[in-house]
Trainee: 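Dumping the structure here so I can ask a few things about it.
Keep in mind it's a predicted model, so treat the numbers as computed, not measured.
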Amino acid sequence: MTRSDDGLGRAIMTWFGAAWFASAGLAGVSACAGVPAKVTFTEHVAPIVFENCAGCHRPDQGAPFTLLSYRDVQKRGEFLRGVIADREMPPWPPAHGWSRLQDDRRLSDDQIATFDRWVETGMEEGPADKLPKLPPFVEGGWTLGEPDLIVTLPEAFDVPADGPDIYRMFVLPLNLSTDQWVTAVEIHPTARSVVHHALYFLDDTGASRKLDEADPKPGFGKMGFPRTGTLGGWALGATTRRLPMGLAYPLSKGSDLVVQIHFHPSGKAERERASFGLYFAKEKPKKRLMGFQAPTAFGLGTELRTRGIQPGEKDFTIHGEWTAPFDVDLVSVGGHAHYRCKSMKAVVEAPDGREEKLFAIDDWDFRWQGRYNYAEPVRLAKGSVVRTTLVYDNSADNPRNPSIPPILVRWGEGTNDEMGSVNFAFVAVDEANAANYRGATMRGGSAGGGGLRNLGPAQRLAIFRLLDADRDGKLKGDEIPERMRAFLDLIDVDHDGAISREEVESLPSATSR
């Protein structure tokens, strides 16, 4: 690799982030039996690249260069050989062998070895008539067809050429006069190279509008608003899909769509004014979409809050647990944590003692937060126990640690704080069981008022006791998380600026339509 190529390699590695998987080892994969003795681009390499790489590596997408032709691939062959062998590309954070997920972009050992041998033997182009056609990409249009509703950021947001990543919330009034059910949301960025991911929240209280009005720039910077619903999210490289099994997110009339966008400066100043297409279900879903986190409230009740992660601590661990109240089908899974998390996993123990792997990320990267649909719903019998483990590295050896030298880190909502959980969406096998379920719907799920409304009485009181540091029976001052403050008017019935146990117990439960 030349000095120029090496510089390009470092730039691309920085842009994509560090490896998500252990190195495959070039010498090992080259010996795979499924690799032909003579490898050419048109016959063997193009099918791999076109199917797995070209979706992002094409004009006006998020990747920094195109991979649509022999010349595109050949001139970066050595660099691509390395990131493919290390399984850094194509990006696919979920660990191999833990579950079957839709849109799995993990290359097989034979595919990796094929690319390796092609580079090793001189990167021959091959016969032109063997070149496959490029996949039928949707250029400029909507992947799922024309949306039922399209909304656009009210103002363009200026992203500087350089500097730290930016997380910004934008309010998009939907002005709906009737309730709807949303099966998918598609994002259309205008400056795709700087948009890393987007999360879609709902707010029917007007609080986010006030935060937007108080900030002189387009949008606002803090998550201090009540999230009264969710419509999922999008991350770089994700495929826009409708929810499976005829499921849909509830969207109450009068709700605003609040989008959090993660901007990653690209070296060039950009202006972003994204549009979002919403797809509505034709009828109310037959199944109620529900969810759970383990640990609950993004780890609020763990030692993340009570002890924190000490400077230099490499293997700080938290655990979560959830018991299936009836037979359920897991529909999707994802994780959430901040910069110091390094791995997460979830297993389930069936009532007969058998254990099954549900989900894992061996090398967590805050910049790649996907939501993954199971290829087939995962059936859990009543009484099955889901157990999760998240591990954090707060040492100077962690290249993603935002504080060098390391500092004491506790639970918090800022990206330099920490939190963490593995999050599942599920439906009841027998829908009659869903009607009386007191756990979380897919409306909120935070540790604030909306999240408390989605929890059962015992869970609410457990959260209350964890937050009541001085044990005086009231939450006040710093005992009230920022997310809960957004709901203070709803929870604080006597308006004394504090939250009593009685006020938490009497908080009305969220209901699903």
Side-chain angles (χ1 to χ4, degrees), residues 1-21 39-42 44-93 103 105-107 111-112 114-116 118-120 122-126 131-140 143 159-162 165 187-197 234-239 262-272 365 367-368 370:
M1 183 178 290
T2 66
R3 183 176 299 274
S4 174
D5 289 337
D6 186 54
L8 171 65
R10 287 196 302 270
I12 301 304
M13 289 293 289
T14 299
W15 191 86
F16 278 116
W20 293 290
F21 304 97
V39 178
T40 69
F41 177 80
T42 56
H44 309 106
V45 173
I48 298 171
V49 173
F50 290 177
E51 181 67 27
N52 298 284
C53 310
C56 292
H57 287 270
R58 57 191 175 95
D60 301 321
Q61 299 301 305
F65 51 78
T66 62
L67 292 175
L68 301 180
S69 70
Y70 166 71
R71 178 57 182 157
D72 288 342
V73 180
Q74 183 266 342
K75 67 183 179 181
R76 294 186 173 90
E78 288 285 357
F79 167 71
L80 295 173
R81 179 193 200 185
V83 296
I84 288 173
D86 286 344
R87 294 193 181 274
E88 295 161 24
M89 287 291 128
W92 187 250
D103 304 315
R105 292 188 295 273
R106 170 180 283 268
L107 297 184
Q111 288 174 315
I112 295 172
T114 297
F115 197 97
D116 176 50
W118 178 65
V119 175
E120 184 179 310
M123 294 185 281
E124 183 177 339
E125 183 171 8
L131 181 69
K133 291 183 178 180
L134 285 166
F137 300 121
V138 178
E139 301 292 350
T143 303
V159 182
D162 302 296
D165 286 9
I187 181 173
H188 270 206
T190 57
R192 190 177 290 270
S193 63
V194 298
V195 177
H196 186 273
H197 75 249
W234 169 88
L236 186 64
T239 300
H262 169 190
F263 296 105
H264 184 83
S266 65
K268 175 187 174 184
E270 298 278 7
R271 303 200 80 199
E272 175 55 51
D365 189 330
R367 294 169 295 180
W368 295 89

Trainee: Decide side-chain contact (heavy atoms from CB on, under 4.5 Å) for L67 and F50; before the verdict, give the C-alpha distance in whole Å, the side-chain angles of both, and the deciding distance to 0.1 Å.
Mentor: CA-CA 8 Å; L67 292 175; F50 290 177; over 6 Å; no
Trainee: Would you say I112 and R87 make side-chain contact, with heavy atoms under 4.5 Å?
Mentor: yes
Trainee: Is the backbone of E125 close enough, under 3.5 Å, to the side chain of T42 for a donor and an acceptor to pair up by distance?
Mentor: yes
Trainee: Using every non-hydrogen atom in the two residues, find where G77 and V119 come nearest and quote the distance to one decimal.
Mentor: O-CG2, 3.7 Å
Trainee: Could you report the tightest heavy-atom contact between P64 and H57, atom names first, then the distance?
Mentor: CD-CE1, 4.4 Å
Trainee: Has the side chain of Y70 got a donor or acceptor atom that lies under 3.5 Å from a matching backbone atom of M123?
Mentor: yes
Trainee: Would you confirm whether H44, through its side chain, and T40, through its main-chain N or O, come within 3.5 Å as a donor-acceptor pair?
Mentor: yes
Trainee: Which atoms form the tightest heavy-atom contact between A46 and P132, and what is the distance?
Mentor: CB-CD, 3.8 Å
Trainee: Restricting to non-hydrogen atoms, name the atom on I187 and the atom on R192 that form the minimum distance, rounded to 0.1 Å.
Mentor: O-NH2, 4.2 Å
Trainee: For N52 and Q111: C-alpha separation, side-chain torsions, deciding distance, then whether side-chain contact (heavy atoms from CB on, under 4.5 Å) applies.
Mentor: CA-CA 11 Å; N52 298 284; Q111 288 174 315; 4.1 Å; yes
Trainee: Test E270 against S193 for side-chain contact (heavy atoms from CB on, under 4.5 Å), laying out the working first.
Mentor: CA-CA 9 Å; E270 298 278 7; S193 63; 3.7 Å; yes
Trainee: Taking C-beta and beyond as the side chain, do P91 and M89 meet within less than 4.5 Å on heavy atoms?
Mentor: yes
Trainee: Begin with the C-alpha distance, continue with both residues' side-chain angles, and end with the deciding distance and a verdict on side-chain contact (heavy atoms from CB on, under 4.5 Å) for L80 and W118.
Mentor: CA-CA 11 Å; L80 295 173; W118 178 65; over 6 Å; no
Trainee: Would you compute the distance between atom NE2 of H264 and atom NE2 of H197 and round it to the nearest 0.5 angstrom?
Mentor: 12.5 Å
Trainee: Got a donor-acceptor contact below 3.5 angstrom from the R106 side chain to the P90 backbone?
Mentor: no
Trainee: Might you point out which heavy atoms bring P47 and F41 nearest each other, and give the distance in Å?
Mentor: CD-O, 4.2 Å
Trainee: Is there a side-chain contact between I48 and C53 in this structure, where contact means two heavy atoms from C-beta onward sitting under 4.5 Å apart?
Mentor: no
Trainee: Counting N and O atoms only, with roles assigned by atom type, does the side chain of R76 sit under 3.5 Å from a partner on the main chain of V73, one being a donor and the other an acceptor?
Mentor: no
Trainee: E272 side chain to T190 main-chain N or O, any donor-acceptor pair under 3.5 Å?
Mentor: yes
Trainee: Quick one: does NZ or CZ of R81 land under 6.0 Å from the six-membered ring centre of F115, within 45 degrees of the ring axis?
Mentor: no
Trainee: What heavy-atom pair brings D162 and G267 nearest, and what distance separates the two atoms?
Mentor: OD1-CA, 3.9 Å
Trainee: So P93 and D365, do their side chains get closer than 4.5 Å, heavy atoms only?
Mentor: no
